[in-house]
Peer 1: 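Questions regarding the structure given below will be posed in turn.
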Amino acid sequence: MFPSVVFKSGNNGPAVLGGAEGGPSDPSGLGPLGGQTLPRLDIWTMDRDLSDDDSVVDLSFEAESPLAPPAELLETLPSCDWVLQGDRHQIFFPPSETAGRPQEQRCWSSFLEHRVPVVTEEVAREALLSFVNSKCCYGSAAASDLVILELKQQNLCRYRLETFSESRISEWTFQPFTNHSVDGPQRGTSPRLWDIKVQVPPMFQEDTRRFQVPHSSLVKECHKCHGRGRYKCSGCHGAGTARCSSCSGAKRKAKSARRCQMCSGSGRRRCSTCSGRGNKTCATCKGEKKLLHFIQLVIAWKNSLFEFVSEHQLDFPGELLAKARGETLFKDENTMVYPIVDFPLREISLASRRGISEHSAALASRARVLQQRQTLELIPLTEVRYWYQGKTDVYYIYGTDRQVYLVDYPERYCCGCTII
C-alpha cells in the first residue's frame, strides 16, 4: 500500500498537505494553486552533513514521508481544477444532467383499492404454523389449537429514495522507481480530473477505484534514504551489535563469577533489528534509491438511501418494517426524480419531498448525481389476537411473504424439556 497525501486547507494559514505530523516547514512556496500558496518541506535540498564516503545515513528522527509533493508535480495540474474551501480539498464539478420530467398526476385512491391483500383466519394460522415449523424448539400443537379472537389489519406504505452519485478527489502518492517508462509532463499536459473518462459501474452499485492521472509522473531521489537505498540501523546505530540484554553489558551474570552464556562474555550480541549488518534496506524505496511521484485520481461511486415508513398504531418493531418485503406500487428512475404529489397519505408526499431535498443538499457540494430511483411499496401488517389455555396474547404477520413476529410463544422447548 503506497503512502498518499490528500490536499487540505488550514484554518489559520495557507493550504497545507496532510502527511507526517510534527515535521518542520519551509517558508518557500510551491507556486500558485487555486489562488493560494502551499508551504512545503524542502526535503530535496536539505544539507546532509555527510562526506562522500558515507554509505548510510541515520534517519532515526526523520519524518517517514515529506509534507508536500515536489513543486514540479503540482505545476502539471490545471489550477482551475482545484477549489480550497474550509479544511477540505474540493474539485469543480461539471454541469448536472438535464432533469427528468415532472411527476404526472395519478389517481392513487382507486389504484390502492385493488392492491390491499386480505388476511383471513386460515391465512393467519398457516403463517404461524410455517413459522413454528422453522424453529427446532417450538411445538406445533399450540399453533393448531389456539383460538383466533381478532384480526387487526393495517396497510403501511414505505417510501425509498436512492441517489447514485460520483465523487472525485486527487491524492499525491509515490512508489519505488524501477526504471520503467515515466509518463511525465514532457508527454503533455495533465487533463482536468473530470475530463478523465472511466467506465462507470452498474447503477446503484457502490465502488471505489484509483487511477493514475496521465502526464503527472516525476522521478525524484528517495527522501527517506537520500538516494542511498539503505540507512543506518536505529537499533545498533550502525555497529551491528547491541548490548546484551541478559547481562546488561557486564559480561557476567549479576552476583556470579561465571561469564554470561548469552553473549559468551563479550557483553554484546548481534543486533536483532538488522541481523548484524548495521544497516537496513530503505523501506520507502525498497532499495531502488529513487521514487516515482504521481497524482492519483480516486473515484467513489456511492448509493445514498432515504427511507420512510408510514405510521401505525400497533406494538411492532420498526426495524422489521425496513426489511419487510412489500408490493411495489410505484417506481420512478431518472437522472433526477420529482416528489410524489397528491398521495392519499400526506406523510408520504412530505417524505418524498424531504428525501429529495436532503439528498440534493448533501451531494451538491461534493459529488455529481448520476441517477435517482424512488419506489413506493405497500407493506401489509396484521395483528392477530388469540386465546390459548386461558391466556390471550398477540402475534404479527408482516410483509408480502407473510413473516411472523411474536414475543412469547406458548409451546417452547429447551434441550428436550418443556418450559412450564
Side-chain angles (χ1 to χ4, degrees), residues 108-109 111-162 305-331 343-352 354-355 374-420:
W108 293 107
S109 299
F111 185 71
L112 289 173
E113 289 177 359
H114 303 286
R115 298 297 186 97
V116 178
V118 178
V119 176
T120 63
E121 289 190 13
E122 181 180 0
V123 171
R125 193 180 302 275
E126 288 178 354
L128 181 60
L129 282 170
S130 178
F131 171 78
V132 168
N133 291 333
S134 68
K135 305 292 182 180
C136 62
C137 297
Y138 283 23
S140 60
S144 301
D145 298 340
L146 59 79
V147 178
I148 295 178
L149 302 176
E150 183 184 11
L151 296 172
K152 186 182 295 184
Q153 185 171 353
Q154 289 192 13
N155 292 286
L156 310 179
C157 287
R158 178 174 61 199
Y159 172 79
R160 179 177 289 162
L161 172 67
E162 298 171 273
L305 177 65
F306 175 89
E307 199 169 73
F308 175 82
V309 179
S310 58
E311 295 183 0
H312 60 88
Q313 305 300 323
L314 304 179
D315 187 17
F316 185 82
E319 60 270 15
L320 293 181
L321 293 175
K323 302 176 182 178
R325 290 187 181 180
E327 181 179 357
T328 302
L329 301 176
F330 170 74
K331 183 177 181 180
F343 193 75
L345 294 176
R346 186 170 179 269
E347 54 185 333
I348 293 295
S349 298
L350 293 176
S352 175
R354 185 172 72 251
Q374 61 179 348
T375 55
L376 188 58
E377 298 171 282
L378 184 69
I379 304 176
L381 175 62
T382 303
E383 181 185 79
V384 183
R385 190 164 64 89
Y386 68 89
W387 178 91
Y388 182 73
Q389 293 185 350
K391 295 182 180 179
T392 60
D393 209 336
V394 297
Y395 68 90
Y396 298 90
I397 304 173
Y398 65 97
T400 55
D401 53 350
R402 294 170 182 167
Q403 296 293 311
V404 171
Y405 167 77
L406 76 167
V407 177
D408 187 19
Y409 184 66
E411 189 182 1
R412 290 188 298 172
Y413 300 93
C414 182
C415 300
C417 302
T418 304
I419 299 178
I420 302 177

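Heads up: numbering here begins at 1 and tracks the sequence.
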Peer 1: Mind checking whether Tyr159 and Phe308 have ring centres under 6.0 Å apart?
Peer 2: no

Peer 1: Restricting to non-hydrogen atoms, name the atom on Phe306 and the atom on Ala351 that form the minimum distance, rounded to 0.1 Å.
Peer 2: CE2-O, 3.3 Å

Peer 1: Taking Ser134 for its side chain and Phe131 for its backbone only, find out whether a donor-acceptor pair lies under 3.5 Å.
Peer 2: yes

Peer 1: Exactly one of Tyr395, Tyr398, Phe316 should register a ring-ring contact (aromatic ring centres under 6.0 Å, His included) with Tyr405. Which one does?
Peer 2: Phe316

Peer 1: Applying the side-chain contact (heavy atoms from CB on, under 4.5 Å) criterion to Val384, which one of Leu149, Ile397, Val119, Leu128 satisfies it?
Peer 2: Ile397

Peer 1: Counting distance only, does the side-chain N/O of Ser130 pair as donor-acceptor with the main-chain N or O of Glu126 below 3.5 Å?
Peer 2: no

Peer 1: Side chains of Glu383 and Tyr396: donor-acceptor distance under 3.5 Å anywhere?
Peer 2: yes

Peer 1: Between Ala324 and Gly399, which heavy-atom pair has the shortest distance, and what is it?
Peer 2: CB-CA, 4.4 Å

Peer 1: For the pair Gln374 (side chain) and Arg160 (backbone), establish whether a donor and an acceptor sit closer than 3.5 Å, ignoring hydrogens and angles.
Peer 2: no

Peer 1: When rounded to the nearest 0.5 angstrom, what is the spacing between OG in Ser352 and CG in Leu161?
Peer 2: 7.5 Å

Peer 1: Which is it for Thr382 and Gln154 under the side-chain contact (heavy atoms from CB on, under 4.5 Å) test, yes or no, and what are the steps along the way?
Peer 2: CA-CA 6 Å; Thr382 303; Gln154 289 192 13; over 6 Å; no

Peer 1: For the atom pair CD (Glu377) and OG1 (Thr400), what is the distance rounded to the nearest 0.5 Å?
Peer 2: 8.5 Å

Peer 1: At what distance, to the nearest 0.5 angstrom, does CG of Leu378 lie from CG of Asn155?
Peer 2: 5.0 Å

Peer 1: So with a 6.0 Å cut-off around CD of Glu311, is the heavy-atom count from everything else above 12?
Peer 2: no

Peer 1: How long is the straight-line distance from OG1 of Thr392 back to CH2 of Trp387, given to the nearest 0.5 Å?
Peer 2: 10.5 Å

Peer 1: To check you understand the geometry: which heavy-atom pair defines the closest contact between Ala124 and Leu151, and what is its length?
Peer 2: CB-CD2, 4.0 Å

Peer 1: Mark yes or no for whether Ser310, through its side chain, and Cys157, through its backbone, hold a donor-acceptor pair below 3.5 Å.
Peer 2: yes

Peer 1: Under the side-chain contact (heavy atoms from CB on, under 4.5 Å) rule, what do Val147 and Tyr386 come out as? Steps first, then yes or no, please.
Peer 2: CA-CA 5 Å; Val147 178; Tyr386 68 89; over 6 Å; no

Peer 1: Is the side chain of Glu411 donor-acceptor paired with the backbone N or O of Ala141 at a distance under 3.5 Å, no angle test?
Peer 2: yes

Peer 1: CZ/Arg325 to CZ/Arg402 distance, rounded to the nearest 0.5 angstrom?
Peer 2: 13.5 Å

Peer 1: Just so I know, are the side chains of Leu321 and His312 near enough to count as touching, which here means a heavy-atom distance under 4.5 Å?
Peer 2: yes

Peer 1: Verify, without hydrogens or angle tests, whether Arg158 (side chain) and Leu376 (backbone) share a donor-acceptor contact under 3.5 angstrom.
Peer 2: no

Peer 1: Kindly assign one of parallel, tilted or perpendicular to the pair Tyr138 and Tyr409, based on the angle between their ring planes and the thresholds 30° and 60°.
Peer 2: parallel

Peer 1: Can you tell me how far OG1 of Thr120 sits from CZ of Arg125, rounded to the nearest 0.5 angstrom?
Peer 2: 10.5 Å

Peer 1: More than 12 heavy atoms of other residues, nucleotides or ligands under 6.0 Å from CG of Asp401: yes or no?
Peer 2: yes

